[in-house]
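Have a look at the structure below, then the notes.
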Amino acid sequence: MVAGLLIAAGILLMIGELLRLYVLLYDWHTQGVLATGPLVGVLLGIAAGALTSYAGWRVGMAG
């Protein structure tokens, strides 16, 4: 059960960060300005979501 929750949390985090990335790219397209701070935050969030899902998968494989 814990493994499933970790995997779901990681996937939801990645989906949320991908939505933030879409908004950043839309702003960049309309305004022509892309700040590096929020972009780094999005990339770190996607990496954290992937690691969370991986940790859940490893917990699930351990039994």
Side-chain angles (χ1 to χ4, degrees):
M1 176 146 175
V2 173
L5 291 174
L6 282 171
I7 293 170
I11 290 171
L12 288 175
L13 180 60
M14 288 192 305
I15 290 171
E17 293 299 325
L18 288 173
L19 288 173
R20 281 184 57 199
L21 180 63
Y22 174 75
V23 170
L24 283 174
L25 291 177
Y26 179 78
D27 286 344
W28 177 46
H29 181 68
T30 58
Q31 299 174 359
V33 177
L34 182 63
T36 57
L39 186 61
V40 169
V42 166
L43 294 176
L44 287 175
I46 291 172
L51 287 174
T52 304
S53 292
Y54 176 73
W57 177 71
R58 293 294 297 186
V59 167
M61 295 298 290

Joint cluster assignment, Leu18 & Leu25, ILVMFWY side-chain distance < 4.5 Å
yes

Is there a path of hydrophobic side-chain contacts, each under 4.5 Å between heavy atoms, that joins Val59 and Leu5?
no

What is the distance from atom CG of Leu39 to atom CG of Leu21, rounded to the nearest 0.5 Å?
7.0 Å

Using the side chain to side chain donor-acceptor pair (under 3.5 Å) rule, collect all pairs that involve residues 53-63, keeping only residues at least two apart or in two chains.
none

Is it possible for you to say whether Val42 and Leu34 belong to one hydrophobic cluster, with membership spreading through side-chain heavy-atom contacts below 4.5 Å?
yes

Would you mind listing every salt bridge (Lys or Arg N to Asp or Glu O under 4.0 Å) that reaches into residues 7-19, with sequence neighbours excluded?
Glu17-Arg20

So, taking the atom named CG in Leu51 and the one named CD1 in Ile46, what distance separates them when rounded to the nearest 0.5 Å?
12.0 Å

Any chain of hydrophobic side-chain contacts (each under 4.5 Å) joining Leu24 to Tyr22?
no

side-chain contact (heavy atoms from CB on, under 4.5 Å) between Leu19 and Val23: does it pass, once the steps are laid out?
CA-CA 6 Å; Leu19 288 173; Val23 170; 5.8 Å; no

